[in-house]
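In what follows, a single structure is set out as structure tokens and then discussed.
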Amino acid sequence: LHAPHTIAILGAYSSHATFTLAGMAEMLRIPLIIPSSMADRITRQGYQWVFRICPSSSQYLEEFISYLVALFPSPPTTALLYEDTPWGHELQKKLTKILKERWSIQPVALVYTPGANHYPEIVKAVRARKPSLVILASSATDTVALYKNLKASEIPCLVASSGMGLSSPSLLEKVLPLAPGLLFPSPWIPQANWSGNQEFAIKYKEAYGEPADYHAAETYSALSILSQALEKARCSSQKPSYRKKIKRILEHTTFPTPLGPVKFTSNEGHTHQNRLPPLIIQIQGSKAVVVSPPEGATGKIQLSSHKGD
């Protein structure tokens with residue numbers, strides 16, 4: 001990174017590594033483009049040389065919960081089913097905070113032991129609370145099992161999973177026939193109606209012999225943004241002076257990507273944070289249908305048999 005010919009950085013993957021990298025990029029005044037790390041603190045440091053494509057964790061969850069709550073005429077009675085793991089507890093706290101602060105909803109939090117087959121007991125506890133909305137914070141396997149048990153019990157509620165991992169191609173293929181009606185968010189899936197999205201998905205599969213997942217789409221988008229910035233800056237060599245040019249271009253350009261249009265702005269305490277709404281996906285007839293945002297949608301949400309009053 002200290003080499004004078006380094007004019008931009010892409011990365012990293014984990015939020016911990018990216019937070020450290022962001023501090024170094026800011027100190028060295030090198031533009032850093034972040035594809036995937038979602039920890040809130042990364043873009044809350046006021047860094048001027050750090051640009052994040054993916055949403056922050058809080059923004060992602062807030063957008064998803066906002067969509068769910070807007071489906072009801074008034075704030076719905078809500079139950080959170082979360083697994084008894086550090087990840088499950090952390091996610092439950094974040095979701096509870098969002099529901100309470102944004103909509104004054106005090107959710108009923110129900111914890112379960114993952115993989116222990118206590119699903120009938122959990123469903124019984126859910127039925128006793130009579131929620132209109134049930135949000136799952138669970139692994140893909142538990143999500144399917146919980147969803148099937150909730151639907152079999154005929155509880156009149158809308159069920160959504162807060163985990164984005166369901167959009168992984170290998171998992172999604174297994175989940176599609178098992179959970180009709182389930183809603184879940186994802187940064188990206190091949191079906192999204194963005195310009196150039198399906199072209200990217202096709203070329204990726206041709207090149208690597210397997211479908212792209214959202215991490216691949218985020219990484220490709222980061223590379224595409226850097227390539228566009230380099231072209232606009234007319235970088236003919238690797239001079240340190242090009243760093244400022246690239247930074248200015250990143251600050252003032254909207255970039256077309258498979259994730260949708262990317263624009264780095266400062267909002268809600270974040271600096272140079274792309275405001276990327278999550279894709280809201282519903283399983284309909286063994287297909288993944290994007291129901292939101294409207295500009296990326298491939299169909300409309302089906303609620304008649306899934307939402308309670």
Side-chain angles (χ1 to χ4, degrees), residues 60-61 64-65 67-68 71 76 78-85 87-88 91-92 95 110-127 129 131-192 201 205 210-217 278-292 296-308:
Y60 188 85
L61 290 174
F64 180 52
I65 300 301
Y67 176 83
L68 296 177
L71 296 173
T78 303
L80 297 179
L81 273 61
Y82 67 100
E83 62 178 51
D84 191 10
T85 62
W87 173 81
L91 187 53
Q92 179 267 328
L95 292 169
L110 301 171
V111 67
Y112 74 94
T113 302
N117 198 24
H118 297 316
Y119 307 125
E121 297 173 21
I122 300 168
V123 170
K124 184 178 179 180
V126 172
R127 179 181 289 279
R129 271 71 173 189
S132 297
L133 172 64
V134 176
I135 302 173
L136 308 177
S138 52
S139 67
T141 301
D142 284 342
T143 292
V144 172
L146 287 166
Y147 184 80
K148 290 174 69 176
N149 276 267
L150 287 166
K151 291 294 113 180
S153 68
E154 298 184 346
I155 300 174
C157 61
L158 179 67
V159 183
S161 170
S162 57
M164 64 180 76
L166 286 174
S167 66
S168 170
S170 58
L171 283 176
L172 187 58
E173 185 178 356
K174 297 175 183 176
V175 171
L176 285 176
L178 301 175
L182 179 66
L183 283 163
F184 61 93
S186 177
W188 179 87
I189 61 170
Q191 294 89 334
K205 190 170 184 179
E210 60 184 21
D213 62 9
Y214 69 85
H215 288 303
L279 299 175
I280 313 298
I281 300 153
Q282 186 180 42
I283 299 176
Q284 299 177 5
S286 296
K287 292 183 179 180
V289 177
V290 179
V291 296
S292 182
T298 58
K300 295 183 178 181
I301 189 170
Q302 297 178 359
L303 290 173
S304 58
S305 61
H306 303 292
K307 191 173 76 170

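Just so you know, these numbers use all the heavy atoms, side chains as well, and skip hydrogens, waters and symmetry mates. Every value quoted in this text rests on a predicted model; they were computed, and no experiment measured them.
Nearest heavy atoms, Ile189 versus Leu279: N-CD1, 3.6 Å. Minimum heavy-atom separation, Ala297 to Ser292: CB-N, 4.3 Å. Of all non-hydrogen atoms in Ser286 and Pro177, the two that sit nearest each other are OG-CA, 3.8 Å. Here the closest heavy-atom approach between residue Leu91 and residue Ser162 is recorded as CD2-OG, 3.3 Å. In terms of heavy-atom proximity, Ile280 sits nearest to Pro185 at CD1-CB, 4.5 Å. Considering every non-hydrogen atom in both Ala140 and Leu166, the closest pair reads CB-CD2, 3.7 Å.
By the side chain to side chain contact (heavy atoms under 4.5 Å, CB included) test, Val144 is found to be paired with Lys148, Val175, Leu178, residues two or more places apart in sequence or in another chain being considered. For Gln284, the side-chain hydrogen bond (donor to acceptor under 3.5 Å, both in side chains) partners at least two apart in sequence or on another chain are Gln282, Gln302. Shown here are the side-chain hydrogen bond (donor to acceptor under 3.5 Å, both in side chains) partners of Tyr67, two or more places apart in sequence or in another chain: there are none. For Tyr60, the side-chain hydrogen bond (donor to acceptor under 3.5 Å, both in side chains) criterion is met by no residue, not counting sequence neighbours. Listed by chain and residue number, His89 satisfy the ring-ring contact (aromatic ring centres under 6.0 Å, His included) test with Tyr82 (two or more places apart in sequence, or in another chain).
In this structure, the side chain of Ser168 does not engage the main chain of Gly165 through any donor-acceptor pair within 3.5 Å. In this structure, Tyr147 contributes its side chain and Leu182 its backbone to a donor-acceptor pair below 3.5 Å. Glu83 contributes a side-chain N or O that, together with a main-chain N or O of Ser139, makes up a donor-acceptor pair within less than 3.5 Å.
Partner Leu183 forms a side chain to side chain contact (heavy atoms under 4.5 Å, CB included) with one of Leu68, Ile135, Val159 and no other, that one being Leu68.
Rounding to the nearest 0.5 Å places NZ of Lys124 at 12.5 Å from CD1 of Ile155.
Contact annotation: the side chain of Glu210 never approaches that of Pro169 to less than 4.5 Å [non-hydrogen atoms, C-beta and beyond]. Counting heavy atoms from C-beta on, the side chains of Leu146 and Ile122 come closer than 4.5 Å. Counting heavy atoms from C-beta outward, Arg127 and Ser153 have side chains that approach closer than 4.5 Å.
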* To do: Given side-chain contact (heavy atoms from CB on, under 4.5 Å), test Leu81 with Val126 step by step and report yes or no.
  => CA-CA 9 Å; Leu81 273 61; Val126 172; 3.7 Å; yes
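Screening residues 169-192 for ring pair (Phe, Tyr, Trp, His ring centres under 6.0 Å) gives Trp188-Phe200 as the qualifying pairs, with residues at least two apart or on separate chains.
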